[in-house]
Amino acid sequence: MSLSLLVFYGSYRETRAGIRLADYCVRTLSERGHAAELIDARAVGLPMLDKRLSDYEPGTAPAAMTALADKISAADGFVFVTGEYNSGLQPGLKNLIDHYYKEWRRRPAGIVSYSAGRMAGARSSYAWHPTLTTLGIAVIPATIAVGAITDSLDSAGQPTGPGGEALARSFPGFADELEWWASAVKTKREQD
């Protein structure tokens with residue numbers, strides 16, 4: 001079953017090594033037959049949160065916010081590619097997510113974390129669970145964590161070295177889990 005999957009990435013840094021991992025996720029999910037699309041928080045360009053989409057009168061929200069809301073509402077599942085910033089959440093991605101609420105409900109998501117160091121974003125991954133669950137997202141049990149991001153993926157998002165080999169070995173199981181949950185939800189949504 002072909003799925004509509006959104007891959008979210010949120011770094012605003014000048015040198016964004018994590019975009020390599022986001023591109024890898026989009027490419028690999030697309031190769032598995034899905035409509036996978038990168039949603040880059042920096043490119044979307046939402047302001048620091050002052051009003052959620054639901055706080056606007058109908059028809060008055062910024063066009064970029066409304067367009068993304070439509071994509072989120074239509075998606076079968078999500079992947080959140082997140083770096084670890086001071087042992088916590090990536091602020092650009094958190095800001096984008098907080099602009100929406102009901103649009104996220106009753107869909108699964110996988111978390112793919114990364115860092116320049118050996119912790120591979122594990123603390124960030126852990127911090128995302130309660131945030132996503134609060135929004136009504138079912139976080140799948142499988143996760144991916146990539147350490148030494150610039151040694152694990154080259155500038156074209158191709159796996160390199162031992163870290164890249166580990167990513168290539170673990171991604172199919174992660175994708176299988178996401179597909180199972182997203183297919184189940186898609187079937188249920190089509191019945192309702």
Side-chain angles (χ1 to χ4, degrees), residues 3-13 15-32 34-44 71-72 75-85 87-97 104 107-133 135 137-182 185:
L3 300 165
S4 170
L5 303 171
L6 299 179
V7 177
F8 290 89
Y9 176 68
S11 176
Y12 278 62
R13 289 184 170 174
T15 57
R16 304 183 325 151
I19 195 72
R20 301 172 185 191
L21 184 54
D23 288 339
Y24 174 85
C25 291
V26 170
R27 183 177 65 250
T28 306
L29 290 167
S30 295
E31 289 168 357
R32 290 174 68 102
H34 305 299
E37 180 181 353
L38 175 64
I39 305 296
D40 182 346
R42 188 171 82 175
V44 173
K71 287 182 182 185
I72 293 168
D76 298 313
F78 314 113
V79 174
F80 293 95
V81 178
T82 180
E84 184 172 302
Y85 285 37
S87 301
L89 302 175
Q90 194 173 48
L93 186 56
K94 178 73 165 80
N95 182 61
L96 181 139
I97 287 168
W104 300 110
R107 255 77 53 71
I111 299 172
V112 177
S113 64
Y114 68 92
S115 70
R118 63 182 179 83
M119 292 300 291
R123 293 174 291 208
S124 175
S125 177
Y126 178 77
W128 276 108
H129 279 258
T131 299
L132 298 177
T133 301
L135 295 171
I137 298 171
V139 179
I140 66 170
T143 60
I144 298 281
V146 180
I149 188 70
T150 56
D151 294 332
S152 298
L153 290 157
D154 66 20
S155 60
Q158 296 296 326
T160 60
E165 291 170 10
L167 170 62
R169 277 192 314 272
S170 61
F171 198 85
F174 170 83
D176 287 346
E177 190 77 10
L178 179 63
E179 289 164 355
W180 189 93
W181 285 95
V185 168

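Everything numeric here is computed off the predicted structure, so don't read it as measured data.
Using a 3.5 Å distance cut-off with no hydrogens or angles, the side chains of S125 and T143 do not pair a donor with an acceptor.
Counting only heavy atoms from C-beta outward, the side chains of E177 and P141 approach each other to under 4.5 Å. A 4.5 Å side-chain heavy-atom check between F78 and L132 finds every atom pair outside the cut-off. Side-chain atoms of L38 and D23, non-hydrogen and from C-beta on, do get closer than 4.5 Å to each other. Between R27 and Y24 there is a side-chain heavy-atom pair separated by less than 4.5 Å. You'll find the side chain of R32 reaches within 4.5 Å of the side chain of P172, heavy atoms only. Side-chain contact between R20 and Y114 is absent, with no heavy-atom pair separated by less than 4.5 Å.
The OG atom of S4 sits 7.5 Å away from atom CD of E37, with the distance rounded to the nearest 0.5 Å. Atom CG of L93 and atom CZ of F8 lie 8.0 Å apart (nearest 0.5 Å). Here L21 contributes atom CG and L167 contributes atom CG; the two are 6.5 Å apart, rounded to the nearest 0.5 Å. Residue K71 holds its NZ atom at 4.5 Å from CD1 of I39, rounded to the nearest 0.5 Å.
When all heavy atoms are compared, the tightest approach of P108 to W181 is CB-CB, 3.6 Å. The two residues S124 and T82 come nearest to each other via the heavy atoms OG-OG1, 3.1 Å. Closest non-hydrogen pair, L29 versus A36, comes out as CB-CB, 3.9 Å. Scanning all heavy atoms of the two residues, the minimum distance from L153 to P159 falls at CD2-N, 3.6 Å.
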Assess the residue pair W104 and I97 against the criterion (side-chain contact (heavy atoms from CB on, under 4.5 Å)); give the C-alpha distance rounded to whole Å, side-chain angles, the decisive distance to 0.1 Å, and a yes or no. CA-CA 9 Å; W104 300 110; I97 287 168; 4.0 Å; yes
Could you walk me through whether L178 and L3 pass side-chain contact (heavy atoms from CB on, under 4.5 Å), step by step? CA-CA 10 Å; L178 179 63; L3 300 165; over 6 Å; no
Are D76 and V185 close enough, and set up right, to give a side-chain contact (heavy atoms from CB on, under 4.5 Å), and what steps lead you there? CA-CA 7 Å; D76 298 313; V185 168; over 6 Å; no
Is there a side-chain contact (heavy atoms from CB on, under 4.5 Å) between V81 and V7 once you walk through the steps? CA-CA 7 Å; V81 178; V7 177; 3.8 Å; yes
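Because its NZ or CZ atom is both nearer than 6.0 Å to the ring centre of Y85 and within 45° of the ring axis, R13 counts as a cation-pi partner of that residue.
At distances below 3.5 Å, not a single donor-acceptor pair connects side-chain atoms of E84 with backbone N or O atoms of S115. In this structure, the side chain of Y12 engages the main chain of A41 through a donor-acceptor pair within 3.5 Å. Using a distance-only test at 3.5 Å, with no hydrogens or angles considered, a donor-acceptor pair links the side chain of R107 to the main chain of I72. The backbone N or O of G147 sits less than 3.5 Å from a side-chain atom of S152, completing a donor-acceptor pair.
Using bins of under 30°, 30° to 60° and over 60° for the plane-to-plane angle, the ring pair W128/F80 lands in the parallel bin.
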